[in-house]
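Values in this document were obtained by computation on a predicted structure and should not be read as measured data.
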Amino acid sequence: MTLLTLSVLEGLERGRIYDQLSTPVTIGREEDNVIQLNDERVSRVHAKLQEDRGQIILTDLNSTNGSRVNGHPVQLRVLQPGDHIQIGRCTLLYGSDEQIAGYAKAIGIEVASLNPLKYLSDHYAMGGSSKDLQVSADVTPENLQIPLFPAGAPPLPTNLEPSQRARASDVLAYIHERLRDVAFEAAEGEEPTPDAFVEVPWVNWQNLLQLQKDLAYYLKQISSPN
């Protein structure tokens with residue numbers, strides 16, 4: 001069984017560290033939760049962390065104001081060390097310092113990129129200035145926006161039944177086809193630069209917007225199958 005560490009970076013409980021937590025872990029405003037957050041924007045039972053096949057999964061329990069990871073709204077998410085969970089006005093850091101450092105090393109990035117809030121706080125506490133920061137000083141709990149997938153594309157699920165593999169293949173093929181149509185029909189200028197624009201036919205652009213709608217529906221169905 002994996003034991004969890006969650007540190008409160010922002011909120012009334014800021015500075016509190018919950019470690020050696022066994023799953024499932026519920027987060028919410030009520031006292032019965034494993035982690036209680038005193039914030040009116042937090043639902044009574046807001047979110048849950050559970051383990052499945054060695055992975056820690058965050059599920060938003062149809063909360064009023066939703067949950068975010070690294071600044072991105074999520075309903076269902078496999079957590080990685082360094083992920084920032086935003087619930088109401090509260091920000092929780094998932095993983096111990098050792099786990100975050102190990103994950104950063106494994107994917108080849110700086111620890112500060114995974115944990116900008118703590119990095120900035122420590123940097124200024126030691127007398128550092130904004131001139132020598134490796135992470136933007138504009139990063140705050142309110143506008144936190146770091147990559148949802150800093151390690152790149154997530155791995156595919158394993159041990160699927162043949163019918164599940166076929167359906168997953170169909171969904172990915174559908175997405176691939178829609179994106180291919182846009183890529184093939186797009187046109188760029190004769191001398192492309194990083195500031196140049198690419199023109200896409202209106203029909204293909206509408207198909208891309210429809211794809212985004214379909215993906216939102218897929219995500220909703222996966223997180224709330226009933």
Output, in order, the C-alpha distance, side-chain angles, deciding distance and verdict of side-chain contact (heavy atoms from CB on, under 4.5 Å) for Leu6 and Asp19. CA-CA 6 Å; Leu6 289 161; Asp19 59 0; over 6 Å; no
Under the 3.5 angstrom rule, does the side chain of Gln164 hit a backbone N or O of Glu161 as a donor-acceptor pair? yes
Considering non-hydrogen atoms only, spot the tightest contact between Pro116 and Leu144 and give its length. CG-CD1, 4.0 Å
Taking the side chain from Asp60 and the backbone from Ser67, do they hold a donor-acceptor pair closer than 3.5 Å? yes
Closer than 3.5 angstrom, by distance alone: can the side chain of Arg29 be matched with the main-chain N or O of Val42 as a donor-acceptor pair? yes
List the atom of Ile100, the atom of Gly95, and the distance in Å for their closest heavy-atom pair. CD1-O, 3.7 Å
Is the backbone of Thr23 close enough, under 3.5 Å, to the side chain of Gln50 for a donor and an acceptor to pair up by distance? no
Are Leu92 and Leu9 side-chain neighbours, meaning at least one heavy-atom pair lies under 4.5 Å? no
Is NZ or CZ of Arg77 both nearer than 6.0 Å to the six-membered ring centre of Phe149 and within 45° of the ring axis? yes
Test item: Leu61 and Thr59 side chains (from C-beta on) under 4.5 Å apart, heavy atoms: yes
In terms of hydrophobic clusters joined by side-chain contacts under 4.5 Å, are Leu37 and Leu49 together? yes
Interatomic distance, Glu40 atom CD to Asn65 atom CG [nearest 0.5 angstrom]: 9.5 Å
Between Val34 and Pro24, what is the shortest heavy-atom contact and its length? CG2-O, 4.2 Å
Side chains of Tyr18 and Thr5 in contact at under 4.5 Å (non-hydrogen atoms): no
Is the closest side-chain heavy-atom distance between Leu172 and Leu156 below 4.5 Å? yes
Looking only at the side chains, is there a donor atom on one of Glu51 and Thr2 sitting less than 3.5 Å from an acceptor on the other? yes
Could you state the interatomic distance from CZ (Arg178) to CG (Leu215), rounded to the nearest 0.5 Å? 11.0 Å
If every non-hydrogen atom of Ala151 is compared with every non-hydrogen atom of Tyr103, which pair is closest and at what distance? CB-OH, 3.5 Å
Taking everything shown except Gln212 itself, do over 12 heavy atoms lie less than 6.0 Å from its CD? no
Ile222 reachable from Val78 in the ILVMFWY side-chain graph, under 4.5 Å edges: yes
With a 4.5 Å limit on heavy-atom distance, are the side chains of Ile175 and Asp214 in contact? no
Any side-chain heavy-atom pair of Val69 and Leu79 under 4.5 Å: yes
Test of understanding: clusters of I, L, V, M, F, W, Y form through side-chain heavy atoms closer than 4.5 Å, transitively. Do Leu211 and Phe184 belong to the same one? no
Would the distance check show the side chain of Ser224 and the main-chain N or O of Gln221 forming a donor-acceptor pair, the cut-off being under 3.5 Å? no
Heavy-atom nearest pair, Gly88 first then Arg41, reads CA-CB, 3.8 Å
For Gln75 and Ser223, which heavy atoms make the closest approach, and how far apart are they? CG-OG, 2.8 Å
Gln86 side chain to Gly71 main-chain N or O, any donor-acceptor pair under 3.5 Å? yes
From CA spacing to verdict: side-chain contact (heavy atoms from CB on, under 4.5 Å), His84, Asn115: CA-CA 8 Å; His84 291 65; Asn115 192 6; 3.2 Å; yes
Side chain of Ser43, backbone of Thr64: donor and acceptor closer than 3.5 Å? yes
Hey, quick one: are Val8 and Leu93 part of the same hydrophobic cluster, counting side-chain heavy atoms closer than 4.5 Å, chains of contacts allowed? no
Main-chain N/O of Glu30 paired with Asn33 side-chain donor or acceptor, under 3.5 Å: yes
Given Asn159 and Arg53, is the side-chain contact (heavy atoms from CB on, under 4.5 Å) satisfied, shown in steps? CA-CA 11 Å; Asn159 300 322; Arg53 300 185 184 185; 4.0 Å; yes
Taking the side chain from His46 and the backbone from Arg44, do they hold a donor-acceptor pair closer than 3.5 Å? no
Whether Asp39 side chain and Arg89 backbone form a donor-acceptor pair below 3.5 Å: yes
Would Ile56 and Tyr94 satisfy side-chain contact (heavy atoms from CB on, under 4.5 Å), going step by step from the backbone distance to the final call? CA-CA 10 Å; Ile56 301 301; Tyr94 170 69; 3.2 Å; yes
Are Ile146 and Ser113 packed together at the side-chain level, in the sense that at least one heavy-atom pair is separated by less than 4.5 angstrom? no
Ile57, Tyr218: one ILVMFWY side-chain cluster at the under-4.5 Å cut-off? no
Is a donor from one side chain sitting under 3.5 angstrom from an acceptor on the other, for Asp83 and Asn70? yes
Sub-4.5 Å side-chain heavy-atom contact between Thr158 and Leu160: no
In this structure, which one of Leu4, Ile27, Thr26 forms a side chain to side chain contact (heavy atoms under 4.5 Å, CB included) with Ile35? Ile27
